[in-house]
Every structure is written in structure tokens, then in C-alpha cells.
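First comes the structure, then the notes that go with it.
Computed from a predicted model, the values in this text were never measured in an experiment. Every number for a ligand or one of its atoms is a count from 1 in the order of the listing.
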Amino acid sequence: MKVAFLGLGSIGTPMARHLAVEPFELTVWNRTTDKARAFAKACSVKWAETAAQAVREAEFVITCLPSSVEVEGLFDEGSRFEEALREGSLFVDCTSGDPATSHRLASRLSAKRISFVDAPVSGGVKGGESGTLTVMCGGDEDAVERARPLLSAFGKKIVRCGGVGAGDAVKAMNQALLGIHIWSAGEALAVLARLGVDASVALDVINGSSGRSNASENLFPERVIGRAYPKTFKIALLDKDLSIAASIAAENDVPAPFIELAAQLYREAHDILGGDADHVEAVKVIEQRAGVRVS
Ligand code: NDP
């Protein structure tokens with residue numbers, strides 16, 4: 001199975017590693033070519049200088065870029081990308097993208113009998129490394145089934161959510177929940193810190209109670225207590241995800257004040273902390289505004 005993987009970022013790199021084994025024949029491409037060259041050397045696979053060269057032979061193309069804007073950007077005039085795509089191949093976009101762009105790409109590709117599946121992932125860098133990501137797919141049933149062997153290489157739970165764009169939509173809503181859980185847990189711990197309650201004690205209680213979440217059970221103990229804040233998922237990307245979630249709600253006439261507020265708060269946190277901060281560092285903004293340290 002000839003696979004081209006485009007985008008060796010924080011999550012793309014561990015995902016691509018699972019495709020560097022038989023029965024896959026992998027070619028990687030990355031905007032910064034040094035990363036592609038180093039990956040190819042370490043994993044004994046091919047690398048390409050341009051995205052067009054990477055996809056020329058590929059039966060399967062996987063993209064994992066920051067947003068749909070960069071995925072659509074591959075098709076820019078002069079890139080020779082579109083003409084290099086093989087007729088009848090399958091295009092799987094693992095970017096956390098937006099449904100409108102995925103629809104546009106799917107119809108553009110259908111002219112060359114290329115099927116499109118939006119297949120964003122969840123589970124973080126750890127899930128990418130262990131091959132246990134959740135993959136939420138949007139596309140025709142046949143296309144999702146064709147993609148399944150590839151997705152199974154790095155994913156454990158692979159679910160078709162609906163037609164093209166449905167994977168993006170589910171991912172955006174998942175991210176809205178993630179953002180809300182982090183922010184609300186941060187606020188709760190800031191209030192408790194002001195009252196003199198230790199964050200570890202508070203988390204111990206909350207994690208045995210009904211207010212617990214992935215944020216309180218995993219992210220806060222790992223990153224906020226001890227203030228480690230490893231950079232695994234940029235706040236710029238969560239800002240992007242929340243803005244997609246808010247747009248989907250607005251475009252579909254669903255009042256979603258929580259999601260809109262979360263989008264606004266993460267936009268502000270992104271501006272304050274800079275795009276390269278980790279998403280959990282949003283807690284620092286809560287602390288700044290409250291004038292209190294959570295831990
Ligand atoms: P990173 O910022 O770590 O990597 C982004 C990748 O996109 C890099 O390979 C970068 O290349 C490339 N890139 C950036 N801009 C362009 C461009 N204009 N043209 C071509 N390539 C470009 O992002 P992640 O790997 O963290 O995220 C990728 C996707 O996966 C995002 O949609 C994110 O929301 C999603 N995601 C991320 C998770 C995580 O834990 N990190 C978890 C789940 C989903 P270069 O090396 O040259 O900068």
C-alpha cells in the first residue's frame with residue numbers, strides 16, 4: 001500500500017511512524033524538509049522535497065496540517081500538487097479541519113475520482129505514540145472502509161460519524177468540551193486556592209466526585225500541579241478548533257453561548273501567551289486575572 005504522509009508535526013510524526021512498516025510503503029513530506037529527511041533516515045522510508053513529488057505514486061494520501069487552510073493551500077496554483085494526485089486514490093485528511101473546506105476539497109477531488117475522508121484524531125501525542133488514537137471520520141462508507149487499514153495503524157477507535165465534514169464537526173465539538181473543561185477546572189481551582197484549599201487535595205476530591213473530567217483527572221495532575229506544562233498541543237490549535245466549533249453552531253442556528261465564550265477566552269489566551277504555548281497553559285491566564293496561583 002503506497003502511502004504519502006504530509007505534515008510531520010507533534011502529532012503527525014508519531015502517527016507516520018506507525019505507517020513506516022509493512023504492508024505500507026511510506027513516503028513523507030514536511031514543509032521544513034530537514035524534518036522529513038531525518039524521519040526518513042530514522043524509519044528507513046522515502047522522503048520527498050515537495051508535496052507533489054510525495055503523492056505522485058501514492059494510492060493513499062494522508063495530511064496532518066494545522067488547519068484546513070494549509071490543506072487547501074497544497075492545491076495552490078503552481079504547486080503541481082493537484083495534477084500529481086493519482087486518479088482513483090484516497091485522500092485522508094487527519095487535520096482537525098473545518099467541514100466547509102472539507103466539502104470543497106471533496107468535490108474538487110471527485111473530478112479525478114479521488115475519494116476524500118476527513119479523519120481528525122484525538123488522544124494527544126501519547127495516543128499517537130501508542131497507536132491508540134480515536135479517529136472520527138466523515139465520508140462515504142466505502143471510502144472510510146478503504147481508509148480503515150491505514151487508520152488502524154495509529155488508531156484504536158475508528159468511527160464513521162457521517163458524510164464528508166462529519167468527522168471535522170465531531171472533532172470541533174470535542175475540542176469545545178476540552179476547552180471548557182480546562183477553563184472551568186482552572187476557575188474552580190483558583191477560587192479554592194483563594195480559600196486556602198490545596199489544588200492536589202481539591203483534585204483528589206473532584207476526581208472521586210461528579211465534577212471530574214479528563215482535565216481534572218489527567219491534564220491538571222500531570223501539568224498544572226508541578227507546573228510542568230510540556231508543549232504537546234499548541235494553544236493556537238485549540239483556539240482554531242474553538243472558532244470552528246463556534247462557527248458551526250452559528251451557521252446551523254444553534255444558540256451556543258458556552259462555546260462562543262470559550263472561543264473568545266481561548267482567543268484572548270492565545271494572544272496573551274503566544275501561539276506556541278501549550279493549551280493547558282491557559283490556566284496561567286486564569287491565575288493572572290484572579291491574582292492567585294492555582295498550585
Ligand atoms: P504542529 O504545529 O506540531 O505541526 C504542524 C505541521 O504542519 C508541521 O509539520 C508544519 O511544518 C506543517 N505546516 C504548518 N504550516 C504549514 C503550511 N503553510 N504548509 C505546509 N505545512 C505546514 O501541529 P500538530 O502536529 O500538533 O497538529 C496537526 C493537526 O492535528 C492540527 O489540526 C491539530 O489541531 C491536530 N491535533 C493535534 C494534536 C496534538 O496533541 N498535537 C492532537 C489531536 C489533533 P513545519 O515542520 O515546517 O513547521
> Counting heavy atoms only, which of S96, P66, S122 comes nearest to atom 35 (C) of ligand 1?
Replying inline: S96

>> Quiz question: by atom type and distance under 3.5 Å, do the side chains of S67 and E70 form a donor-acceptor pair?
In response: yes

> Are V121 and I11 close enough that some pair of their side-chain heavy atoms sits under 4.5 Å apart?
Replying inline: yes

>> At under 4.0 Å between heavy atoms, is it the side chain or the backbone of L65 that contacts ligand 1, or both, or neither?
In response: both

> Against heavy atoms of G7, which atoms of ligand 1 measure under 4.0 Å?
Replying inline: 9 (O)

>> List ligand 1 atoms under 4.0 Å from W29, heavy atoms only on the residue side.
In response: 20 (C)

>> Can you confirm, on distance only, whether ligand 1 has an N/O atom lying under 3.5 Å from any N/O atom belonging to L237?
In response: no

>> I'd like to check which ligand 1 atoms, numbered from 1 as shown, lie under 4.0 Å from a non-hydrogen atom of K35.
In response: 45 (P), 46 (O)

>> At less than 4.0 angstrom from any non-hydrogen atom of K171, what atoms of ligand 1 do you find?
In response: 43 (C), 44 (C)

> Out of L133, I11, L8, whose heavy atom sits nearest atom 42 (C) of ligand 1?
Replying inline: I11

>> Out of the candidates D241, I182, D271, only one should pair with Y266 under the side-chain contact (heavy atoms from CB on, under 4.5 Å) rule; please name it.
In response: I182

>> With no hydrogens and no angle check, just 3.5 Å: does a side-chain donor-acceptor pair link K171 and Q175?
In response: yes

> In the protein, what heavy atom is nearest to atom 4 (O) of ligand 1, and what distance, to one decimal place, separates them?
Replying inline: G9 CA, 3.3 Å

>> Both conditions, 6.0 Å and 45 degrees, for the charged tip of K284 above the ring of Y229: are they met here?
In response: yes

> Hey, what else clusters with V254 if you join Ile, Leu, Val, Met, Phe, Trp, Tyr whenever side-chain heavy atoms sit under 4.5 Å?
Replying inline: none

> Which bit of E70 gets closer than 4.0 Å to ligand 1, counting heavy atoms only: side chain, backbone, both or neither?
Replying inline: side chain

>> Under a 3.5 Å threshold, yes or no: a donor from one side chain and an acceptor from the other, between E260 and Q264?
In response: no

> Nearest heavy atom to atom 48 (O) of ligand 1: which of R31, K234, Q175 does it belong to?
Replying inline: R31

> Do D98 and T101 have side-chain atoms, one donor and one acceptor, less than 3.5 Å apart?
Replying inline: yes

> So is there a nitrogen or oxygen of T95 less than 3.5 Å from a nitrogen or oxygen in ligand 1?
Replying inline: no

>> Under a 3.5 Å cutoff, is there a donor and acceptor pairing between the side chains of T32 and D34?
In response: no

> Can you check whether S67 has an N/O within less than 3.5 Å of an N/O in ligand 1?
Replying inline: no

> How does T232 reach ligand 1, if at all, at less than 4.0 Å between non-hydrogen atoms: by side chain, backbone, both, or neither?
Replying inline: backbone

>> Taking 4.0 angstrom as the limit and counting only heavy atoms of N30, give me the atoms of ligand 1 inside it, by number and element.
In response: 8 (C), 9 (O), 11 (O), 45 (P), 46 (O), 47 (O)

> Which residue owns the protein heavy atom closest to atom 34 (O) of ligand 1, what's the atom, and how far is it?
Replying inline: K240 NZ, 3.0 Å

> Judged by non-hydrogen atoms, does G73 sit under 4.0 Å from ligand 1?
Replying inline: no

